[in-house]
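The structure appears right after this line, and notes come after that.
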Amino acid sequence: EHLQTQQLSIHPGARVQYTFPQLFFYKPNLWWPNGMGKQALYNVQISVEVKGYGKSDSWSHLFGFRKIETYIDNATGGRLFKVNGQPIFIRGGNWILSDGLLRLSKERYRTDIKFHADMNLNMIRCWAGGLAERPEFYHYCDIYGLLVWQEFWITGDVDGRGIPVSNPNGPLDHDLFMLCARDTVKLLRNHASLALWVGGNEQVPPKNLNDALKNDLKLHPYFESPNETENSVADLP
Amino acid sequence: MAEIGKTKLDSGWLAARSTEVQLTGTQLTTTHPPTKSTAPWMEAAVPGTVLATLVKNKVVPNPFYGLENEAIVDIADSGREFYTFWFFTTFQCKLSEKQHLDLNFRAINYAGELYLNGHRKVLPKGMFRRHSLDVTDILHPDGQNLLVVLIYPPDHPGRIPPEGGQGGDHEIGKDVAAQYVEGWDWMAPIRDRNTGIWDEVSIYVTGPVKIIDPHLVSSFFDNYRRVYLHATTEFENRSSWVAECSLNIQVTTELEGDVCLV
(Lines give C-alpha, C1' and ligand atoms only; values in the text may rest on other atoms or scores of the structure.)
Protein backbone atom coordinates (compact mmCIF):
# COMPACT_ATOMS: atom_id res chain seq x y z
CA GLU A 1 0.00 0.00 0.00
CA HIS A 2 2.80 2.38 0.77
CA LEU A 3 5.04 1.58 -2.17
CA GLN A 4 4.09 2.72 -5.62
CA THR A 5 5.76 2.91 -9.01
CA GLN A 6 4.55 5.01 -11.92
CA GLN A 7 5.82 5.52 -15.47
CA LEU A 8 6.33 8.94 -17.01
CA SER A 9 7.89 10.25 -20.22
CA ILE A 10 9.51 13.67 -20.07
CA HIS A 11 10.48 15.60 -23.18
CA PRO A 12 14.04 16.88 -23.53
CA GLY A 13 14.58 20.07 -21.57
CA ALA A 14 11.06 19.94 -20.10
CA ARG A 15 10.07 20.64 -16.51
CA VAL A 16 6.82 18.92 -15.52
CA GLN A 17 4.69 18.72 -12.40
CA TYR A 18 3.47 15.27 -11.42
CA THR A 19 1.06 14.11 -8.72
CA PHE A 20 1.27 10.50 -7.54
CA PRO A 21 -1.98 8.62 -6.97
CA GLN A 22 -2.80 9.09 -3.30
CA LEU A 23 -1.44 6.56 -0.83
CA PHE A 24 -3.90 5.06 1.66
CA PHE A 25 -3.11 4.60 5.33
CA TYR A 26 -5.35 2.92 7.89
CA LYS A 27 -5.03 4.57 11.31
CA PRO A 28 -1.47 5.82 10.90
CA ASN A 29 0.36 6.99 13.98
CA LEU A 30 -0.40 10.69 14.23
CA TRP A 31 2.12 13.45 14.97
CA TRP A 32 1.30 15.31 18.19
CA PRO A 33 2.74 18.48 19.70
CA ASN A 34 4.91 18.30 22.81
CA GLY A 35 2.84 17.10 25.77
CA MET A 36 -0.08 15.66 23.77
CA GLY A 37 1.46 12.45 22.49
CA LYS A 38 4.29 11.06 20.41
CA GLN A 39 5.83 12.81 17.42
CA ALA A 40 5.34 9.94 14.96
CA LEU A 41 7.26 10.55 11.74
CA TYR A 42 7.25 8.49 8.56
CA ASN A 43 10.08 8.51 6.05
CA VAL A 44 8.80 9.39 2.58
CA GLN A 45 11.20 8.58 -0.25
CA ILE A 46 10.73 9.60 -3.86
CA SER A 47 13.13 8.41 -6.53
CA VAL A 48 13.35 8.48 -10.30
CA GLU A 49 15.05 5.95 -12.54
CA VAL A 50 15.63 6.67 -16.21
CA LYS A 51 15.57 3.91 -18.82
CA GLY A 52 19.05 3.30 -20.13
CA TYR A 53 20.66 5.25 -17.30
CA GLY A 54 19.50 3.95 -13.91
CA LYS A 55 18.88 5.89 -10.72
CA SER A 56 18.78 9.57 -11.63
CA ASP A 57 17.73 11.30 -8.42
CA SER A 58 16.16 10.62 -5.04
CA TRP A 59 14.63 12.64 -2.23
CA SER A 60 13.46 11.82 1.27
CA HIS A 61 11.74 13.64 4.10
CA LEU A 62 10.34 12.84 7.52
CA PHE A 63 6.60 13.38 7.36
CA GLY A 64 4.09 13.62 10.19
CA PHE A 65 0.38 12.97 9.74
CA ARG A 66 -1.37 15.77 11.58
CA LYS A 67 -4.22 18.18 11.02
CA ILE A 68 -3.79 21.69 12.40
CA GLU A 69 -6.78 24.05 12.57
CA THR A 70 -6.73 27.63 13.81
CA TYR A 71 -9.37 30.31 14.06
CA ILE A 72 -10.23 33.48 15.96
CA ASP A 73 -12.63 32.80 18.82
CA ASN A 74 -15.65 35.14 18.67
CA ALA A 75 -16.10 35.20 22.43
CA THR A 76 -12.58 36.12 23.44
CA GLY A 77 -11.00 37.49 20.27
CA GLY A 78 -8.11 35.12 20.84
CA ARG A 79 -6.63 32.73 18.32
CA LEU A 80 -7.36 29.10 19.08
CA PHE A 81 -5.65 26.00 17.75
CA LYS A 82 -6.69 22.39 17.35
CA VAL A 83 -4.35 19.55 16.47
CA ASN A 84 -5.88 16.33 15.17
CA GLY A 85 -9.25 17.60 16.32
CA GLN A 86 -8.12 18.22 19.90
CA PRO A 87 -7.99 21.72 21.38
CA ILE A 88 -4.51 22.65 22.53
CA PHE A 89 -3.51 25.23 25.11
CA ILE A 90 -0.64 27.07 23.47
CA ARG A 91 2.46 27.73 25.57
CA GLY A 92 4.69 29.67 23.22
CA GLY A 93 8.16 31.14 23.11
CA ASN A 94 9.35 34.02 20.96
CA TRP A 95 12.32 33.32 18.70
CA ILE A 96 14.60 35.52 16.64
CA LEU A 97 17.54 33.29 15.78
CA SER A 98 20.09 31.00 17.38
CA ASP A 99 23.15 33.21 16.87
CA GLY A 100 23.58 36.85 15.87
CA LEU A 101 26.50 35.96 13.59
CA LEU A 102 24.43 33.19 11.97
CA ARG A 103 26.84 30.41 12.96
CA LEU A 104 23.95 28.00 12.73
CA SER A 105 24.36 24.25 13.07
CA LYS A 106 22.29 21.15 13.69
CA GLU A 107 23.86 20.86 17.15
CA ARG A 108 22.83 24.38 18.13
CA TYR A 109 19.32 23.89 16.83
CA ARG A 110 18.91 20.53 18.57
CA THR A 111 20.04 21.97 21.89
CA ASP A 112 17.98 25.16 21.63
CA ILE A 113 14.78 23.43 20.58
CA LYS A 114 15.05 20.56 23.04
CA PHE A 115 15.44 23.24 25.71
CA HIS A 116 12.11 24.73 24.61
CA ALA A 117 10.48 21.30 24.76
CA ASP A 118 11.99 20.65 28.19
CA MET A 119 10.44 23.94 29.34
CA ASN A 120 7.09 22.39 28.41
CA LEU A 121 6.47 24.81 25.54
CA ASN A 122 4.55 23.60 22.52
CA MET A 123 4.98 26.49 20.09
CA ILE A 124 7.80 28.73 18.83
CA ARG A 125 7.00 31.97 17.09
CA CYS A 126 9.63 33.13 14.58
CA TRP A 127 9.49 36.91 14.68
CA ALA A 128 9.26 38.82 11.39
CA GLY A 129 12.37 40.88 12.07
CA GLY A 130 14.52 37.74 12.29
CA LEU A 131 14.86 34.78 9.96
CA ALA A 132 12.69 32.47 8.02
CA GLU A 133 14.13 29.58 9.97
CA ARG A 134 16.17 26.84 8.38
CA PRO A 135 15.21 23.21 7.64
CA GLU A 136 17.38 22.00 10.56
CA PHE A 137 15.36 24.21 12.92
CA TYR A 138 12.14 22.69 11.61
CA HIS A 139 13.59 19.19 11.73
CA TYR A 140 14.13 19.45 15.47
CA CYS A 141 10.74 21.09 15.97
CA ASP A 142 9.31 18.02 14.18
CA ILE A 143 11.30 15.74 16.49
CA TYR A 144 10.50 17.51 19.75
CA GLY A 145 6.91 18.53 18.99
CA LEU A 146 7.20 22.31 18.82
CA LEU A 147 4.59 23.91 16.58
CA VAL A 148 6.03 26.80 14.57
CA TRP A 149 4.40 30.15 13.91
CA GLN A 150 6.50 31.58 11.06
CA GLU A 151 6.23 35.25 10.13
CA PHE A 152 7.30 36.91 6.89
CA TRP A 153 9.57 39.97 6.96
CA ILE A 154 7.21 42.84 7.80
CA THR A 155 7.90 44.84 10.98
CA GLY A 156 7.82 48.43 12.22
CA ASP A 157 10.74 49.00 9.85
CA VAL A 158 8.42 48.97 6.89
CA ASP A 159 5.11 50.51 7.89
CA GLY A 160 5.70 54.26 8.01
CA ARG A 161 5.99 54.40 11.78
CA GLY A 162 9.08 55.12 13.85
CA ILE A 163 11.55 57.98 14.14
CA PRO A 164 12.88 58.59 11.59
CA VAL A 165 9.81 57.47 9.69
CA SER A 166 10.23 54.09 8.02
CA ASN A 167 9.33 53.26 4.45
CA PRO A 168 5.53 53.09 4.58
CA ASN A 169 4.95 50.52 1.91
CA GLY A 170 7.04 47.55 2.90
CA PRO A 171 10.33 46.67 1.20
CA LEU A 172 11.07 48.57 -2.01
CA ASP A 173 10.94 45.52 -4.26
CA HIS A 174 7.61 43.76 -3.77
CA ASP A 175 8.30 41.20 -6.48
CA LEU A 176 11.49 40.20 -4.68
CA PHE A 177 9.57 39.90 -1.39
CA MET A 178 7.08 37.51 -3.01
CA LEU A 179 9.83 35.56 -4.75
CA CYS A 180 11.52 35.06 -1.37
CA ALA A 181 8.20 34.19 0.30
CA ARG A 182 7.32 31.58 -2.31
CA ASP A 183 10.77 30.02 -2.19
CA THR A 184 10.67 29.91 1.61
CA VAL A 185 7.32 28.15 1.56
CA LYS A 186 8.69 25.53 -0.82
CA LEU A 187 11.71 25.05 1.42
CA LEU A 188 9.71 24.45 4.60
CA ARG A 189 6.22 23.27 3.68
CA ASN A 190 6.68 19.56 4.36
CA HIS A 191 7.52 19.88 8.05
CA ALA A 192 4.97 18.55 10.52
CA SER A 193 5.77 21.33 12.98
CA LEU A 194 4.92 24.13 10.55
CA ALA A 195 1.61 25.40 11.90
CA LEU A 196 0.96 28.93 10.73
CA TRP A 197 2.29 31.50 8.26
CA VAL A 198 1.86 35.11 9.40
CA GLY A 199 2.29 38.18 7.21
CA GLY A 200 4.30 40.20 9.68
CA ASN A 201 4.80 41.41 13.23
CA GLU A 202 1.79 43.08 14.85
CA GLN A 203 0.45 44.38 11.55
CA VAL A 204 -0.84 43.59 8.10
CA PRO A 205 1.60 43.76 5.15
CA PRO A 206 0.95 46.25 2.31
CA LYS A 207 -2.26 45.27 0.53
CA ASN A 208 -0.74 43.81 -2.62
CA LEU A 209 1.68 41.67 -0.60
CA ASN A 210 -1.00 40.58 1.83
CA ASP A 211 -3.39 39.67 -0.98
CA ALA A 212 -0.66 37.74 -2.79
CA LEU A 213 0.36 35.84 0.36
CA LYS A 214 -3.23 34.98 1.21
CA ASN A 215 -3.92 33.85 -2.32
CA ASP A 216 -0.77 31.75 -2.60
CA LEU A 217 -1.25 30.14 0.79
CA LYS A 218 -4.98 29.45 0.66
CA LEU A 219 -6.06 25.86 1.07
CA HIS A 220 -6.48 23.93 -2.16
CA PRO A 221 -10.24 23.38 -2.79
CA TYR A 222 -9.67 19.63 -2.68
CA PHE A 223 -8.90 19.88 1.03
CA GLU A 224 -11.66 22.30 1.97
CA SER A 225 -14.17 19.83 3.41
CA PRO A 226 -14.66 21.22 6.94
CA ASN A 227 -15.83 17.93 8.42
CA GLU A 228 -13.64 15.57 6.50
CA THR A 229 -12.61 13.72 9.61
CA GLU A 230 -16.27 12.89 10.26
CA ASN A 231 -17.06 11.84 6.70
CA SER A 232 -18.16 8.30 6.12
CA VAL A 233 -16.69 5.68 3.86
CA ALA A 234 -19.33 6.64 1.29
CA ASP A 235 -17.58 9.99 0.89
CA LEU A 236 -14.39 8.45 -0.45
CA PRO A 237 -12.63 10.97 -2.66
CA MET B 1 31.00 8.25 -12.00
CA ALA B 2 29.98 10.52 -9.13
CA GLU B 3 27.46 9.29 -6.56
CA ILE B 4 23.95 10.73 -6.90
CA GLY B 5 23.11 13.19 -4.12
CA LYS B 6 24.33 16.08 -2.01
CA THR B 7 27.78 16.97 -0.70
CA LYS B 8 27.99 19.93 1.67
CA LEU B 9 30.73 22.48 1.14
CA ASP B 10 31.12 23.47 4.79
CA SER B 11 34.86 23.38 5.37
CA GLY B 12 38.06 24.70 3.89
CA TRP B 13 36.62 28.10 3.00
CA LEU B 14 38.90 31.16 2.90
CA ALA B 15 37.78 34.80 2.98
CA ALA B 16 39.25 38.21 2.26
CA ARG B 17 38.01 41.80 2.15
CA SER B 18 37.32 42.73 -1.47
CA THR B 19 39.21 46.01 -1.26
CA GLU B 20 42.35 44.12 -0.23
CA VAL B 21 42.28 41.68 -3.14
CA GLN B 22 43.74 42.99 -6.36
CA LEU B 23 42.96 39.89 -8.43
CA THR B 24 39.80 39.26 -10.40
CA GLY B 25 37.41 36.38 -9.80
CA THR B 26 38.65 34.77 -12.98
CA GLN B 27 42.27 34.96 -11.83
CA LEU B 28 41.37 33.63 -8.37
CA THR B 29 39.78 30.56 -9.90
CA THR B 30 42.33 29.89 -12.63
CA THR B 31 45.89 31.13 -12.38
CA HIS B 32 46.09 32.65 -8.89
CA PRO B 33 44.08 30.65 -6.33
CA PRO B 34 44.55 31.99 -2.80
CA THR B 35 46.10 30.08 0.06
CA LYS B 36 45.48 30.30 3.78
CA SER B 37 48.99 31.47 4.46
CA THR B 38 48.75 34.43 2.07
CA ALA B 39 47.42 37.77 3.34
CA PRO B 40 44.71 39.02 3.27
CA TRP B 41 43.12 35.55 3.14
CA MET B 42 41.87 33.98 6.35
CA GLU B 43 39.80 30.95 7.36
CA ALA B 44 36.12 31.66 6.80
CA ALA B 45 32.98 30.76 8.73
CA VAL B 46 30.63 29.21 6.17
CA PRO B 47 27.79 29.08 6.90
CA GLY B 48 28.15 32.32 8.80
CA THR B 49 28.61 36.02 8.27
CA VAL B 50 31.54 38.27 7.46
CA LEU B 51 31.57 39.33 11.10
CA ALA B 52 31.65 35.67 12.18
CA THR B 53 34.74 35.21 10.00
CA LEU B 54 36.41 38.29 11.51
CA VAL B 55 35.61 37.09 15.04
CA LYS B 56 36.86 33.57 14.22
CA ASN B 57 40.20 35.07 13.15
CA LYS B 58 40.32 37.47 16.13
CA VAL B 59 40.43 40.46 13.76
CA VAL B 60 37.62 41.97 15.84
CA PRO B 61 36.49 41.10 19.38
CA ASN B 62 33.43 39.00 20.07
CA PRO B 63 30.58 41.54 19.95
CA PHE B 64 28.47 39.60 22.43
CA TYR B 65 30.86 40.11 25.36
CA GLY B 66 30.61 43.25 27.48
CA LEU B 67 30.65 46.39 25.35
CA GLU B 68 32.96 44.89 22.72
CA ASN B 69 30.44 45.61 19.98
CA GLU B 70 31.40 49.28 20.34
CA ALA B 71 34.92 48.41 19.17
CA ILE B 72 33.69 47.13 15.82
CA VAL B 73 33.19 49.63 13.02
CA ASP B 74 29.60 49.92 11.82
CA ILE B 75 28.85 49.56 8.13
CA ALA B 76 27.29 53.04 8.13
CA ASP B 77 30.70 54.48 8.98
CA SER B 78 32.91 52.09 7.05
CA GLY B 79 30.91 51.92 3.85
CA ARG B 80 29.48 48.79 2.27
CA GLU B 81 32.77 47.85 0.60
CA PHE B 82 34.36 47.30 4.03
CA TYR B 83 32.08 44.31 4.59
CA THR B 84 32.11 43.13 0.95
CA PHE B 85 34.09 39.89 1.05
CA TRP B 86 35.41 37.16 -1.22
CA PHE B 87 34.85 33.56 -0.12
CA PHE B 88 36.99 30.86 -1.73
CA THR B 89 36.95 27.08 -1.67
CA THR B 90 37.72 24.06 -3.81
CA PHE B 91 35.82 20.87 -4.42
CA GLN B 92 36.30 17.58 -6.20
CA CYS B 93 33.75 16.26 -8.64
CA LYS B 94 34.11 14.06 -11.67
CA LEU B 95 30.87 13.35 -13.53
CA SER B 96 30.01 10.66 -16.01
CA GLU B 97 28.72 11.69 -19.42
CA LYS B 98 25.00 11.83 -18.54
CA GLN B 99 25.34 13.33 -15.06
CA HIS B 100 24.70 16.91 -14.01
CA LEU B 101 25.98 19.01 -11.13
CA ASP B 102 24.14 21.80 -9.34
CA LEU B 103 25.89 24.28 -7.09
CA ASN B 104 23.38 25.24 -4.38
CA PHE B 105 23.31 28.16 -1.96
CA ARG B 106 20.43 27.82 0.51
CA ALA B 107 20.75 31.51 1.42
CA ILE B 108 23.18 34.39 1.12
CA ASN B 109 22.92 37.98 2.35
CA TYR B 110 22.45 39.99 0.29
CA ALA B 111 23.69 39.53 -3.29
CA GLY B 112 26.75 38.12 -4.97
CA GLU B 113 28.62 36.92 -7.96
CA LEU B 114 30.59 33.74 -8.22
CA TYR B 115 33.39 32.44 -10.37
CA LEU B 116 33.85 28.73 -10.94
CA ASN B 117 36.99 27.80 -12.85
CA GLY B 118 37.03 31.28 -14.36
CA HIS B 119 33.36 31.39 -15.36
CA ARG B 120 31.15 34.12 -13.84
CA LYS B 121 27.61 33.61 -12.53
CA VAL B 122 25.34 36.06 -10.70
CA LEU B 123 23.61 35.48 -7.36
CA PRO B 124 20.66 37.91 -7.36
CA LYS B 125 19.46 39.96 -4.36
CA GLY B 126 17.43 38.64 -1.46
CA MET B 127 18.30 37.09 1.91
CA PHE B 128 15.58 34.43 1.88
CA ARG B 129 15.89 32.65 -1.43
CA ARG B 130 17.75 29.64 -2.71
CA HIS B 131 20.19 29.78 -5.60
CA SER B 132 20.70 26.67 -7.70
CA LEU B 133 23.15 26.80 -10.60
CA ASP B 134 23.74 24.05 -13.15
CA VAL B 135 27.52 24.11 -13.45
CA THR B 136 27.95 20.86 -15.37
CA ASP B 137 29.49 22.52 -18.39
CA ILE B 138 32.12 24.50 -16.51
CA LEU B 139 33.58 21.75 -14.32
CA HIS B 140 37.22 20.84 -14.73
CA PRO B 141 37.74 17.53 -16.46
CA ASP B 142 40.38 16.55 -13.89
CA GLY B 143 37.78 16.85 -11.10
CA GLN B 144 39.44 19.65 -9.10
CA ASN B 145 37.31 22.82 -9.14
CA LEU B 146 38.03 26.33 -7.85
CA LEU B 147 35.13 28.42 -6.56
CA VAL B 148 35.11 32.00 -5.32
CA VAL B 149 32.04 34.00 -4.30
CA LEU B 150 31.89 37.77 -3.84
CA ILE B 151 29.18 38.71 -1.35
CA TYR B 152 27.73 42.21 -1.16
CA PRO B 153 25.96 43.60 1.95
CA PRO B 154 22.31 44.71 1.86
CA ASP B 155 21.66 47.71 -0.38
CA HIS B 156 20.29 49.77 2.54
CA PRO B 157 22.32 48.91 5.64
CA GLY B 158 21.17 52.11 7.35
CA ARG B 159 22.68 54.12 10.17
CA ILE B 160 22.25 53.59 13.89
CA PRO B 161 21.09 56.76 15.70
CA PRO B 162 23.22 57.65 18.76
CA GLU B 163 20.31 56.77 21.02
CA GLY B 164 19.84 53.39 19.33
CA GLY B 165 16.20 52.42 19.20
CA GLN B 166 13.94 50.01 17.40
CA GLY B 167 15.45 49.14 14.04
CA GLY B 168 17.84 52.09 13.84
CA ASP B 169 16.87 54.39 10.99
CA HIS B 170 14.73 51.60 9.44
CA GLU B 171 16.62 51.70 6.12
CA ILE B 172 17.26 47.94 6.23
CA GLY B 173 13.52 47.45 5.82
CA LYS B 174 13.80 48.64 2.24
CA ASP B 175 15.56 45.35 1.44
CA VAL B 176 14.20 41.82 1.80
CA ALA B 177 16.50 40.96 4.69
CA ALA B 178 16.52 40.40 8.45
CA GLN B 179 15.63 43.65 10.19
CA TYR B 180 16.88 43.10 13.73
CA VAL B 181 20.41 43.85 12.49
CA GLU B 182 20.03 47.61 13.00
CA GLY B 183 19.49 46.88 16.68
CA TRP B 184 16.32 46.55 18.71
CA ASP B 185 15.34 46.98 22.34
CA TRP B 186 16.82 43.54 23.06
CA MET B 187 19.75 43.54 20.63
CA ALA B 188 22.79 45.65 19.79
CA PRO B 189 23.27 46.52 16.10
CA ILE B 190 25.07 43.91 14.01
CA ARG B 191 27.93 45.80 12.39
CA ASP B 192 27.99 43.93 9.07
CA ARG B 193 24.15 43.57 8.95
CA ASN B 194 24.68 39.79 8.69
CA THR B 195 26.39 39.99 5.30
CA GLY B 196 27.68 36.61 4.17
CA ILE B 197 27.00 33.06 3.03
CA TRP B 198 24.75 32.42 5.97
CA ASP B 199 23.27 29.04 5.12
CA GLU B 200 24.32 25.75 3.61
CA VAL B 201 26.37 25.52 0.41
CA SER B 202 26.34 22.22 -1.41
CA ILE B 203 26.95 20.46 -4.70
CA TYR B 204 24.33 18.03 -5.92
CA VAL B 205 24.82 15.28 -8.52
CA THR B 206 21.87 13.99 -10.55
CA GLY B 207 21.36 11.92 -13.64
CA PRO B 208 19.40 13.26 -16.61
CA VAL B 209 16.20 13.83 -14.58
CA LYS B 210 16.09 15.88 -11.40
CA ILE B 211 13.44 15.97 -8.63
CA ILE B 212 12.44 19.52 -7.64
CA ASP B 213 10.59 20.61 -4.48
CA PRO B 214 8.23 17.74 -3.67
CA HIS B 215 5.10 18.67 -1.74
CA LEU B 216 3.49 16.29 0.76
CA VAL B 217 -0.06 16.77 2.09
CA SER B 218 -2.33 14.50 4.09
CA SER B 219 -6.12 14.32 4.28
CA PHE B 220 -8.17 12.65 6.99
CA PHE B 221 -11.50 10.81 7.02
CA ASP B 222 -13.59 8.71 9.41
CA ASN B 223 -12.16 10.23 12.57
CA TYR B 224 -8.52 9.75 11.48
CA ARG B 225 -8.98 6.06 10.65
CA ARG B 226 -8.75 6.63 6.90
CA VAL B 227 -5.85 8.83 5.86
CA TYR B 228 -4.34 9.69 2.50
CA LEU B 229 -0.92 10.99 1.57
CA HIS B 230 -0.82 13.23 -1.49
CA ALA B 231 2.56 13.82 -3.12
CA THR B 232 3.25 16.24 -5.94
CA THR B 233 6.65 17.05 -7.34
CA GLU B 234 8.35 18.63 -10.31
CA PHE B 235 10.75 16.76 -12.57
CA GLU B 236 13.21 18.34 -14.96
CA ASN B 237 14.72 16.45 -17.88
CA ARG B 238 18.09 17.98 -18.59
CA SER B 239 18.98 15.62 -21.39
CA SER B 240 18.46 16.09 -25.11
CA TRP B 241 16.35 12.96 -25.44
CA VAL B 242 12.95 11.83 -24.16
CA ALA B 243 13.46 10.35 -20.70
CA GLU B 244 11.39 7.26 -19.96
CA CYS B 245 11.11 7.49 -16.19
CA SER B 246 10.13 5.08 -13.50
CA LEU B 247 8.91 7.11 -10.52
CA ASN B 248 8.89 5.52 -7.12
CA ILE B 249 7.33 6.63 -3.84
CA GLN B 250 7.78 4.64 -0.66
CA VAL B 251 6.76 5.34 2.92
CA THR B 252 8.45 3.59 5.81
CA THR B 253 8.29 3.86 9.54
CA GLU B 254 10.65 2.56 12.14
CA LEU B 255 8.78 0.19 14.45
CA GLU B 256 11.57 -0.50 16.92
CA GLY B 257 15.29 -0.83 16.68
CA ASP B 258 16.25 -1.72 13.12
CA VAL B 259 12.83 -3.04 12.12
CA CYS B 260 11.02 -0.99 9.47
CA LEU B 261 7.51 -1.31 8.11
CA VAL B 262 7.05 -0.57 4.39
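In what follows, every chain begins at residue 1, and chains take the letters A, B, ... in the order their sequences are listed.
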Minimum heavy-atom distance between A:Leu23 and B:Val251, given as atom pair plus value: CD1-CG2, 3.7 Å

Could you have a look at A:Asn29, A:Ile46, A:Thr184 and say which one has the most heavy-atom pairs with chain B under 4.5 angstrom? A:Ile46

Highest number of heavy-atom pairs under 4.5 Å with chain B among A:Ser105, A:Ser58, A:Gly129, A:Gly52 belongs to A:Gly129

Is chain A contacted by the side chain of B:His100, its backbone, both, or neither, given a heavy-atom distance below 4.5 Å? neither

Are any of the side-chain nitrogens in B:Lys210 or A:Asp57 under 4.0 Å away from the carboxylate oxygens of its partner? no

A:Leu8 to B:Phe235 - nearest heavy-atom pair and separation: CD2-CD1, 4.2 Å

Among A:Leu62, A:Leu131, A:Asp99, A:Val158, which residue has the highest count of heavy-atom pairs closer than 4.5 Å to chain B? A:Leu131

Pairs of heavy atoms under 4.5 Å with chain A: top-ranked of B:Gln166, B:Lys125, B:Arg238, B:Arg106: B:Arg106

Among B:His230, B:Met187, B:Glu236, which residue has the highest count of heavy-atom pairs closer than 4.5 Å to chain A? B:His230

To the nearest 0.5 Å, how far apart are NE2 in B:His215 and OG1 in A:Thr19? 10.5 Å

Would you sort out whether B:Tyr224 and A:Lys67 count as a side-chain contact (heavy atoms from CB on, under 4.5 Å), showing the intermediate values? CA-CA 9 Å; B:Tyr224 299 92; A:Lys67 181 177 183 179; 3.9 Å; yes

Is any side-chain N of the basic residue among B:Glu3 and A:Lys55 closer than 4.0 Å to the acidic one's carboxylate O? no

Give the member of A:Pro135, A:Gly162, A:Gly64 that has the highest number of heavy-atom pairs under 4.5 Å with chain B. A:Pro135

Answer yes or no: are there more than 12 heavy-atom neighbours, outside A:Arg110 itself, under 6.0 Å from its atom CZ? no

Applying a strict 4.5 Å limit to non-hydrogen atoms, the region of A:Ala132 in contact with chain B is both

Which of the residues A:Pro21, A:Gly130, A:Ala181, A:Gly100 is involved in the greatest number of heavy-atom pairs with chain B at under 4.5 angstrom? A:Gly100

For A:Ser56 against B:Pro208, the heavy-atom pair lying closest together: OG-N, 3.3 Å

Select one option (side chain, backbone, both, neither) describing which atoms of A:Tyr18 are under 4.5 Å from chain B's heavy atoms. both

Let me know if A:Tyr42 has heavy atoms under 4.5 Å from chain B in its side chain, its backbone, both or neither. both

Chain B heavy atoms under 4.5 Å from A:Ser47: which part of the residue, side chain, backbone, both or neither? both

A:Trp127 vs B:Trp186 aromatic rings, parallel, tilted or perpendicular, using cut-offs 30° and 60°? perpendicular

Min side-chain heavy-atom separation A:Arg15-B:Ile212 under 4.5 Å: yes

Largest heavy-atom contact set with chain B, pairs under 4.5 Å, which of A:Gln7, A:Lys51, A:Arg134: A:Arg134

Nearest 0.5 angstrom please: B:Asn237 CG to A:His11 NE2, how far? 10.0 Å

What is the minimum heavy-atom distance between B:Val176 and A:Cys180, and which atoms define it? CG1-SG, 3.9 Å

Are there residues of residues 188-200 of chain B whose heavy atoms fall under 4.5 Å of chain A's heavy atoms? If so, which? B:Ile190, B:Asn194, B:Trp198, B:Asp199, B:Glu200

Under a 4.5 Å cut-off applied to non-hydrogen side-chain atoms, are B:Leu229 and A:Phe65 in contact? yes

A:Pro28 and B:Val227: which non-hydrogen atoms are nearest, and at how many Å? CD-CG2, 3.5 Å

Does anything in residues 189-206 of chain A get under 4.5 Å of chain B by heavy atoms, and if so which residues? A:Arg189, A:Asn190

Which one wins on heavy-atom pair count under 4.5 Å against chain A: B:Leu51, B:Val50, B:Val46, B:Asp213? B:Asp213

Under 4.5 Å from any heavy atom of chain B - which part of A:Ile10: both

Could you look at B:Ile4 and say if it's the side chain, the backbone, both or neither that has a heavy atom under 4.5 Å from chain A? side chain

Among B:Gln179, B:Glu182, B:Met127, residue most engaged with chain A (heavy-atom pairs, under 4.5 Å): B:Gln179

Tell me which of these, B:Lys98, B:Arg130, B:Gln99, has more heavy-atom pairs under 4.5 Å with chain A than the rest. B:Arg130

Which residues in residues 163-179 of chain A have any heavy atom closer than 4.5 Å to a heavy atom of chain B? A:Ile163, A:Pro164, A:Val165, A:Ser166, A:Asn167, A:Gly170, A:Pro171, A:Leu172, A:Asp173, A:Leu176, A:Phe177, A:Leu179

Are B:Gln250 and A:Gln45 close enough that a side-chain donor and a side-chain acceptor fall under 3.5 Å? yes

Rounded to the nearest 0.5 Å, what separation is found between the CG atom of A:Leu101 and the CZ atom of B:Phe64? 4.0 Å

Is there a side-chain contact between A:Tyr53 and B:Val209 (heavy atoms, below 4.5 Å)? no

Could you go through B:Thr253 and A:Asn43, starting from their C-alpha distance and side-chain angles, then the distance that decides it, and tell me whether this counts as side-chain contact (heavy atoms from CB on, under 4.5 Å)? CA-CA 6 Å; B:Thr253 183; A:Asn43 189 27; over 6 Å; no

Which region of A:Leu30, side chain (C-beta onward) or backbone (N, CA, C, O), has a non-hydrogen atom less than 4.5 Å from a non-hydrogen atom of chain B, or is it both or neither? side chain

Hey, what do you get for NZ (B:Lys56) to CZ (A:Arg103), rounding to the nearest 0.5 Å? 10.0 Å

B:Glu163, CD: over 12 other non-hydrogen atoms inside 6.0 angstrom: yes

Are there residues of residues 240-249 of chain B whose heavy atoms fall under 4.5 Å of chain A's heavy atoms? If so, which? B:Ser240, B:Trp241, B:Val242, B:Ala243, B:Glu244, B:Cys245, B:Ser246, B:Leu247, B:Asn248, B:Ile249

Show, in sequence, the C-alpha distance, side-chain angles and deciding distance for A:Phe25 and B:Ser218, and conclude whether the side-chain contact (heavy atoms from CB on, under 4.5 Å) test is met. CA-CA 10 Å; A:Phe25 291 77; B:Ser218 47; over 6 Å; no

Can you say whether A:Arg66 sits under 4.5 Å from chain B via the side chain, the backbone, both, or neither, judging by heavy atoms? backbone

Which atom pair, heavy atoms only, marks the closest approach of A:Gly156 to B:His170? O-ND1, 4.2 Å

Under a 4.5 Å heavy-atom cut-off, does chain A meet the side chain of B:Lys6, its backbone, both or neither? neither

Would you give the length of the straight line joining atom CD1 of A:Ile96 to atom OH of B:Tyr180, rounded to the nearest 0.5 angstrom? 9.5 Å

CH2/A:Trp59 to CG/B:Leu216 distance, rounded to the nearest 0.5 angstrom? 4.0 Å

Checking A:Gln17 against B:Thr232 for the side-chain contact (heavy atoms from CB on, under 4.5 Å) test, could you report, in this order, the C-alpha distance in whole Å, the side-chain angles of both residues, the deciding distance, and whether it holds? CA-CA 7 Å; A:Gln17 190 176 66; B:Thr232 296; 3.6 Å; yes

